[in-house]
Number of protein chains: 2
Amino acid sequence: MTTQEKKITINEVAEAAGVSVTTVSLVLSGKGRISPATGMRVNEAIEKLGFVRNRQAVSLRGGQSGVIGLIVRDLCNPFYAELTAGLTDELEKQGKLLFLTQSGGQGQHMQRCFETLVSQGVDGVIVAGAAGQGADMRTVAEQKNLPLVFVSRASYLDDADIIRPDNMQASQLVTEHLIKRGHQRIAWLGGDGSSLTRAERVGGYCATLLKYGLPFHSEWIIECEPSQKKAADAITTLLQHNPTITAVLCHNSTVAMGAWFGLLRAGRQSGEGSIDSYYDQHVALAAFAEVMDDELDDLPLTWVSTPAREIGRSAGQRILKRVQNDNEEVRSQIMPARLVVRKS
Amino acid sequence: MTTQEKKITINEVAEAAGVSVTTVSLVLSGKGRISPATGMRVNEAIEKLGFVRNRQAVSLRGGQSGVIGLIVRDLCNPFYAELTAGLTDELEKQGKLLFLTQSGGQGQHMQRCFETLVSQGVDGVIVAGAAGQGADMRTVAEQKNLPLVFVSRASYLDDADIIRPDNMQASQLVTEHLIKRGHQRIAWLGGDGSSLTRAERVGGYCATLLKYGLPFHSEWIIECEPSQKKAADAITTLLQHNPTITAVLCHNSTVAMGAWFGLLRAGRQSGEGSIDSYYDQHVALAAFAEVMDDELDDLPLTWVSTPAREIGRSAGQRILKRVQNDNEEVRSQIMPARLVVRKS
DNA sequence: CTGAAAGCGCTAACAC
DNA sequence: GTGTTAGCGCTTTCAG
C-alpha cells in the first residue's frame with residue numbers, strides 16, 4: 001500500500017537540481033560541455049529521486065531505441081539457445097537490449113515477428129534459421145533503412161549480411177584428424193539427406209578423403225534419425241556389411257552416443273575381453289556437436305563443435321556496427337569450428 | 001539504392017483516407033464507433049501505404065508498451081530455454097513482445113537488467129531463477145506499480161507472485177511408480193547436496209518410502225556430478241556395497257544415462273546372458289528430467305518431466321493478468337510434473 | 001460519428 | 001555554459 005509515487009521525469013530532476021531540462025538531458029547523454037559542479041548537482045538529484053530515463057521518449061524523438069530484434073527458429077534447440085545467449089551477452093555488454101521472437105520450425109510466423117519488431121522501433125533485426133525465406137523482409141528493411149543480419153547453419157542467401165558456421169572446414173578438420181590417426185576407411189553416420197548442413201559436412205568429408213587418396217563409397221554414407229537406438233542399429237548393420245571400416249563420423253551427438261552403444265553391444269557379442277579395447281582396436285568414432293556438449297566428454301571420441309555462442313556474439317557486433325554506420329562492406333562471415341580431441 | 005521512403009505516420013494515413021488523425025487512431029484501436037465505410041477507407045490507406053503503428057509513441061502517450069521483460073539465469077540450460085520458449089509463445093499469442101536479459105549464473109547482473117527493462121517501459125517483469133535475491137527489485141516494482149512475477153525451480157520467496165514446479169509431487173509420482181512395480185529397496189543417485197530442487201525431490205522420495213513402510217537409508221542417497229562417467233562409477237560402487245537395492249532414482253538425465261552404462265558394464269562383467277535381461281532382473285532405473293528429453297526415450301526407464309514449457313506459459317498468462325488488473329489474489333502457483341512410463 | 005488540439009518525456013536547434 | 005522552445009507519433013477529452 002505504498003503511496004503511488006509520482007513519475008519522475010527530467011523535469012523534476014531539473015527542478016530539484018535547480019537547472020533546466022536541457023542541462024539534465026546534456027548530462028544524461030554526456031554531450032554538451034557541462035560544468036563539473038552542475039553535472040554533480042544533476043547527478044545527485046537523479047540519484048536521490050531514483051530517476052530512470054525513458055528510452056521510448058528518446059527513441060520517439062529520433063534517437064536510437066537501443067533495442068535489437070531477434071527472430072529465432074526454435075529456442076529449445078541447443079544451437080539457437082547458445083546463439084541467443086551469446087547475442088544477449090554481447091548486446092548487454094554494449095548497453096543494448098534484445099527483443100526475442102520465435103518464428104517456429106517452418107518459419108510460419110516470421111513475417112509477423114518482423115512487423116512486430118519494426119513497430120516497436122528496433123534499431124536492427126537478426127534472423128536466425130531463416131532457411132532462405134527472408135526475401136520480403138529484406139525489401140522492407142532496405143526501404144526502412146533498417147539493418148538486417150542473417151544467421152544460418154548452412155549457406156543460403158549469399159547477397160545478404162550473413163554469419164554462419166564453416167561446416168566444410170569443420171568436417172575437414174575432423175576427417176583429417178581421423179586420417180592422421182591412421183584411419184583409411186571412414187564411414188558417415190547420421191543426419192537427414194535433405195539437410196543442407198549435412199550436405200556441406202559430407203562435402204568436406206568427401207573432399208578430405210579424396211585429398212588423401214582414400215576410398216570413398218556412397219554406401220558408407222548412412223542417413224539416420226537422431227535416436228540412439230536407431231543409430232546403434234544403423235552402425236551395427238553398417239559394420240556387418242562393411243567389416244573393413246575402421247572409423248565412423250557421426251553427424252550429431254545423439255547419433256554418436258547411439259553409435260557408441262552399438263559398438264559396445266557388438267563388442268560384447270563378439271566376445272571381446274574388454275569394451276574399451278574393442279573400441280580402440282576396431283572402430284573409432286568422431287562426431288559433430290552443435291554446442292560445447294558436456295555429454296560428449298564422457299565418450300571416447302573426438303569431436304568438432306559448431307561455435308554457436310561466437311556466432312551469436314559476432315551477429316551482435318555486426319548488427320551494432322551496421323546500426324552505427326551503414327557503410328559496412330563485409331557481407332558474409334564464416335565462423336570456424338574447434339576440434340576437441342579425445343581425452344587420453 | 002531505393003529512395004529513402006518518407007516515414008508514414010497516422011497523419012499520412014489520415015490524409016490518404018481523407019479523414020482526421022483521430023479517426024485513424026480510433027480505427028486502429030477499434031474503440032470509438034466508426035462507420036463501416038470510413039473504417040474501410042482507412043484500412044485501405046493503411047494497407048496501401050504500408051503503415052505500421054509506432055508502439056513507442058503509443059506507450060509514451062500513456063498506453064501500455066505491450067512488452068514484458070524477462071530476466072533469466074542462463075538460457076543454455078534446457079529448463080530455462082524451454083521456459084523462455086513457452087513464455088514467448090504465450091506472449092506472442094497475445095500480441096505482446098518479450099525483452100530478454102540474462103542475469104548470469106549467480107544473478108550478478110540482475111539489478112542492472114531490471115533497471116534497463118524498467119527504463120524501456122516494460123509492462124511487467126518476469127524473473128526466472130532468482131534464488132531468492134529479488135528483494136530490492138520488489139520494492140522498486142511495487143512503488144512503480146509494476147507487475148513482477150517470479151519463476152523458480154524450488155520454493156523460495158513465498159510472499160511474492162511465484163510459479164514453480166511441484167518437485168515433491170514429481171518425486172512422489174516416480175517413487176510410487178517404482179514401488180507399485182514391486183521395488184522395495186530404492187536408492188537415490190545424483191545432484192548436489194546444496195541444491196534446493198534436489199532437497200525437495202529427496203523429500204518426496206523419503207516421504208513416499210515412509211508412507212509405504214519401506215526402508216530408508218541415508219547411505220542410499222548419493223551425490224553425484226552430472227557426468228556419465230561419474231554416475232556410472234557411482235552406481236557401480238553403490239550396488240557393490242548394497243547388493244539388495246533393486247531400483248535407483250536418478251536426479252537428472254545425464255546421471256540416468258551414466259547409471260545405465262554402469263549397469264550395462266556390471267551386467268557384462270558378471271557374465272549375464274543379455275544386457276536387457278540383466279537390467280530387468282536386477283536393477284530398475286527411474287529419473288527426473290527438466291524437459292521432455294528425447295534422449296531418455298531410448299533408455300529402459302520411467303521418468304518424470306518438469307513442465308518447463310507450461311511454467312513459461314503460465315508465467316506469461318499470470319503477468320498479463322497482473323498487467324490488466326492488479327487485484328489478482330493468487331500468489332503461488334505450483335505446476336505438477338508428468339510421468340512418462342517406460343515404453344514396452 | 002468525426003475533428004481540433006493538448007500533451008506523454010525527451011532532445012536539439014537556437015538564443016542568451 | 002545554460003535556458004527556451006518546438007516537435008517525435010500517438011491517444012484522448014471535448015466540441016461539433
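Sequence lines set the chain letters: A, B, ... in the order given, protein chains first and strands last, and positions in each chain run from 1. Reckoned from all heavy atoms, side chains included, excluding hydrogens, waters and symmetry mates. Only a predicted model underlies this, so the values are computations on that prediction, with no experimental measurement involved.
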Query raised in the report: When the distance from CD of B:E15 to C1' of C:dA4 is rounded to whole Å, what number comes out?
Result: 16 Å
Query raised in the report: Should B:R309 and B:D89 count as an ion pair when the cut-off is N to O under 4.0 Å?
Result: yes
Requested in this report: Flag the pair B:R153 and B:E290 as a salt bridge only when some basic side-chain nitrogen lies within less than 4.0 angstrom of an acidic carboxylate oxygen.
Outcome: yes
Report task. Remember a base hit wins even if backbone is also touched, and classify A:I34 as base, sugar-phosphate or nothing at under 4.0 Å, heavy atoms. Result -> sugar-phosphate
**Report entry** N/O (side chain, A:S20) to phosphate O (OP1/OP2, D:dT4) under 4.0 Å
**Finding:** no
Requested in this report: Determine whether any donor atom in the side chain of A:S25 lies under 3.5 Å from an acceptor atom in the base of C:dA12, or the reverse, and answer yes or no.
Outcome: no
Query raised in the report: Can you tell me how far C1' of D:dC8 sits from CD of A:Q64, to the nearest Å?
Result: 15 Å
Report task. Go through D:dG9, C:dC10, D:dT12 for me and flag the one nearest to the B:A57 side chain. Result -> D:dG9
Query raised in the report: Would you say A:S35 reaches D:dT2's phosphate, i.e. side-chain N/O to OP1/OP2 under 4.0 Å?
Result: yes
Query raised in the report: NA contact type, B:L60, heavy-atom cut-off 4.0 Å: base, sugar-phosphate, or nothing?
Result: base
Query raised in the report: At under 4.0 Å, does any side-chain N or O of B:R55 touch on OP1 or OP2 of D:dG9?
Result: no
Requested in this report: Report the residues that fulfil ring-ring contact (aromatic ring centres under 6.0 Å, His included) with B:F114, sequence neighbours left out, ordered by chain and then residue number.
Outcome: none
Report task. Examine D:dG9: is either OP1 or OP2 under 4.0 Å from a nitrogen or oxygen in the side chain of B:T9? Give yes or no. Result -> no
Report summary line: Rounded to whole Å, CG of A:L49 lies from P of C:dG9 at a distance of 14 Å
Query raised in the report: A:E44 and A:R41: salt bridge (Lys or Arg N to Asp or Glu O under 4.0 Å), yes or no, with the steps?
Result: CA-CA 5 Å; A:E44 273 172 15; A:R41 278 220 314 285; over 6 Å; no
Query - Side-chain donor/acceptor of B:R61 to base of C:dG7, under 3.5 Å - result: yes
**Report entry** d(CG, A:L26; C1', C:dC14) in whole Å
**Finding:** 13 Å
Requested in this report: May I ask you to evaluate whether B:K31 reaches the phosphate of D:dT11, defined as a side-chain N or O under 4.0 Å from OP1 or OP2?
Outcome: no
Requested in this report: Mind calculating the distance between CZ (B:R41) and C1' (C:dT2) to the nearest angstrom?
Outcome: 11 Å
Report task. Give B:T38 one of three labels, base, sugar-phosphate or nothing, depending on what nucleic acid heavy atoms sit under 4.0 Å from its own. Result -> sugar-phosphate
Query raised in the report: Which one, C:dA4, D:dT11, C:dT11, comes nearest to the side chain of B:V58?
Result: D:dT11
**Report entry** Value in whole Å for how far the P atom of C:dC10 lies from CD of B:Q56
**Finding:** 14 Å
Query raised in the report: Taking the side chain of A:V21 as heavy atoms from C-beta outward, which of C:dG3, D:dT4, C:dT2 is closest to it?
Result: D:dT4
Query raised in the report: Between the base of D:dT4 and the side chain of A:T22, is there a donor-acceptor distance below 3.5 Å?
Result: yes
Query raised in the report: Base, sugar-phosphate, or nothing: which does A:V24 touch, judged by heavy atoms less than 4.0 Å apart?
Result: nothing
Report task. Could you tell me whether B:R73 sits above the aromatic face of B:Y80, with NZ or CZ closer than 6.0 angstrom to the six-membered ring centre and within 45 degrees of the axis? Result -> no
Requested in this report: Could you please spell out the steps behind the side-chain hydrogen bond (donor to acceptor under 3.5 Å, both in side chains) verdict for B:T9 and B:E12?
Outcome: CA-CA 6 Å; B:T9 74; B:E12 346 293 338; 3.0 Å; yes
Report task. Can you tell me the distance, in whole Å, between the CE atom of B:M40 and the P atom of C:dT2? Result -> 13 Å
Query raised in the report: B:I10 has an atom CD1; how far is it from atom P of D:dG9, in whole Å?
Result: 10 Å
